[in-house]
**Q** 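One structure, pasted below without further comment.
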Amino acid sequence: MRVLLIGSGGREHALAWKIAASPLLTKLYAAPGNPGIGREAELVTLDIADHAAVARFCTEKKIDLVVVGPEGPLVAGIANDLRAENIRVFGPSRAAARLEGSKGFTKDLCANYAIPTAAYGRFGDLASARAYVEKTGAPIVIKADGLAAGKGVTVAMNLAEALAALDACFDGSFGQAGAEVVVEEFLTGEEASFFCLCDGVTALPFGTAQDHKRLSDGDVGPNTGGMGAYSPAPVMTPEMIDRTMREIVEPTMRGMAELGAPFSGVLFAGLMISGEGPKLIEYNTRFGDPECQVLMMRLKDDLLVLLNAAADGQLAHTSVRWRNEAALTVVMAAKGYPGTPEKGSVIRGVEQAAGDGVEIFHAGTAIDSGALVANGGRVLGVTATGGTVGEAQRRAYAALDRIDWPQGFCRRDIGWQAVSREQAR
Ligand code: AMP
């Protein structure tokens, strides 16, 4: 098979690494990719926003499957535009990607299909949103409706914070994404990420993970794209997975089909596990990063076989096997992240640090005069497997400490909840 992978982060490096291991693969291209992906694929310069150009490339290079990593192109309808040219795509249509592209759309779907989630209101103007927030009180959660690069959510612990977040949305801080706002009940419990591969009809459970969104040890500091993750998530027991499928994922699949927007691709449910069971915080319509890195390390089966089955509507006849090991990723970020990261510092020792169940996925790197340099906020994902989360954690940090990059930093406590659970056993 000839495959084109779209994207340039740690998620896409992990996908490229796993796709490259498939005996089905004859050629892998990546656009735009990064130096790590460049070890697995031929990098091509393509304007991903120009769907006609992507389609031309696919026709010219006889691409059998396009795998779309990030949400932006999906919400912009790249899957529709490629399918219109008879190009096979793994990823949802524009209408199905509304599950990520519009929080209000997803909340209404939950309301219509009795999917457990936080109580909410949708607002298109400041005055009515303020009135709702003042009546409900804090803590309360304010969300820009559209894609806001992970910055559109404020968990407000007091009224002043909530009102400031509303002002920011309606001031245009998030552009068109904030023109509508969802105001939500504050949920408590333990968060978990749950993934399914979907083919429009069938959703196949595809692993669990927990990530660390906060910048600093102890889960404090500003939110980031994710400073680390591990899989599996201990809170996602087989019973909890069954309930999540029955109460959340299956009604979503039914609802999307009934709306004429059957969902295919990766459905990534952000969950709050409370005493009452699983509640949906949000959907993403692609893999998480760094969650994808830990999932790919644990996946025993051929990823390309599974992506084909999803693209062809064959998931009902497919199963997935996982290694009986945990995996854990520690993100190394460039100083300044999540604000303005310093670019251009030289990173040494990456190749030597990997091996023996440790993979170092590139997220924000570049080659400058033959040297590997930082070229983004989150730069590397140091990912290790182990018999327990604790062992994966020890191996990941041992590898990370072999990397010579004084301008990089990381959290030192990735996986702490799971490790303390293991120690209490
Ligand atoms: P999201 O971008 O929707 O994933 O939200 C980012 C983070 O905000 C989540 O991972 C949660 O930690 C938190 N969050 C979002 N919605 C709620 C909610 N209704 N109650 C409590 N925390 C929330």
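Residues: numbered from 1 along the sequence shown. None of the values given here were measured: they were computed from a predicted structure. Excluded from the calculations below are hydrogen atoms, water molecules and symmetry mates; all remaining heavy atoms, backbone and side chain alike, are included. Counting starts at 1 for both ligands and their atoms, following the listed order.
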**Q** Please say which of Ile414, Thr329, Leu328, Ile403 ends up in a side chain to side chain contact (heavy atoms under 4.5 Å, CB included) with Val382.
**A**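 By the side chain to side chain contact (heavy atoms under 4.5 Å, CB included) criterion, Val382 pairs with just one of Ile414, Thr329, Leu328, Ile403: Ile403.
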
**Q** Which ligand 1 atoms does Glu191 reach within 4.0 Å, using its non-hydrogen atoms?
**A**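 Taking each heavy atom of Glu191 in turn, ligand 1 has 9 (C), 10 (O), 11 (C), 12 (O) under 4.0 Å.
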
**Q** For Ile281, counting its heavy atoms only, list the atoms of ligand 1 lying under 4.0 Å from any of them.
**A**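 In order of number, 15 (C), 16 (N).
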
**Q** List every atom of ligand 1 that sits less than 4.0 Å from any heavy atom of Lys103, numbering the atoms from 1 in the order shown and giving each element.
**A**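 Taking each heavy atom of Lys103 in turn, ligand 1 has 3 (O) under 4.0 Å.
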
**Q** Counting only heavy atoms, tell me which of Lys143, Glu100, Glu282 gets closest to atom 16 (N) of ligand 1.
**A**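 Going through Lys143, Glu100, Glu282 one by one, Lys143 has the nearest heavy atom to atom 16 (N) of ligand 1.
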
**Q** Taking the six-membered ring for Trp, is the centroid-to-centroid distance between Trp416 and Tyr230 below 6.0 Å?
**A**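 No; Tyr230 has its ring centre 6.0 Å or more from that of Trp416.
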
**Q** Please check: side-chain N/O of Arg214 versus main-chain N/O of Val220, any donor-acceptor pairing under 3.5 Å?
**A**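 Not confirmed, Arg214 side chain does not pair with Val220 backbone.
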
**Q** Purely on distance, is any nitrogen or oxygen of Lys213 under 3.5 Å from one on ligand 1?
**A**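 No.
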
**Q** Under 4.0 Å from any heavy atom of Phe186, which atoms of ligand 1 are there?
**A**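 It comes down to these atoms of ligand 1: 20 (N), 21 (C).
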
**Q** Assess the pair Phe268 and Tyr283: is the distance between their ring centroids shorter than 6.0 Å?
**A**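 Not under 6.0 Å, so no.
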
**Q** Ring-plane angle category for Phe287 and Phe195, please: parallel below 30°, perpendicular beyond 60°, tilted otherwise.
**A**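 Rings of Phe287 and Phe195: tilted, 30 to 60°.
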
**Q** By number and element, which atoms of ligand 1 are closer than 4.0 Å to a non-hydrogen atom of Glu185?
**A**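 It comes down to these atoms of ligand 1: 18 (C), 19 (N), 20 (N).
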
**Q** Under the criterion side chain to side chain contact (heavy atoms under 4.5 Å, CB included), I'd like the reasoning laid out for Met253 against Cys198: C-alpha separation, chi angles, the key distance, then a yes or no.
**A** CA-CA 8 Å; Met253 293 297 286; Cys198 304; 3.7 Å; yes

**Q** Considering Thr117, Thr188, Thr154, Val155 one by one, which has a heavy atom nearer to atom 22 (N) of ligand 1 than any of the others?
**A**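 Result: the heavy atom closest to atom 22 (N) of ligand 1 is in Val155.
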
**Q** Strictly under 6.0 Å, is that where the ring centroids of Phe57 and Tyr29 end up?
**A**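 Yes - the distance between ring centres of Phe57 and Tyr29 falls below the 6.0 Å cut-off.
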
**Q** Counting only heavy atoms, tell me which of Leu271, Leu187, Val183 gets closest to atom 21 (C) of ligand 1.
**A**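 Among Leu271, Leu187, Val183, the closest heavy atom to atom 21 (C) of ligand 1 comes from Leu187.
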
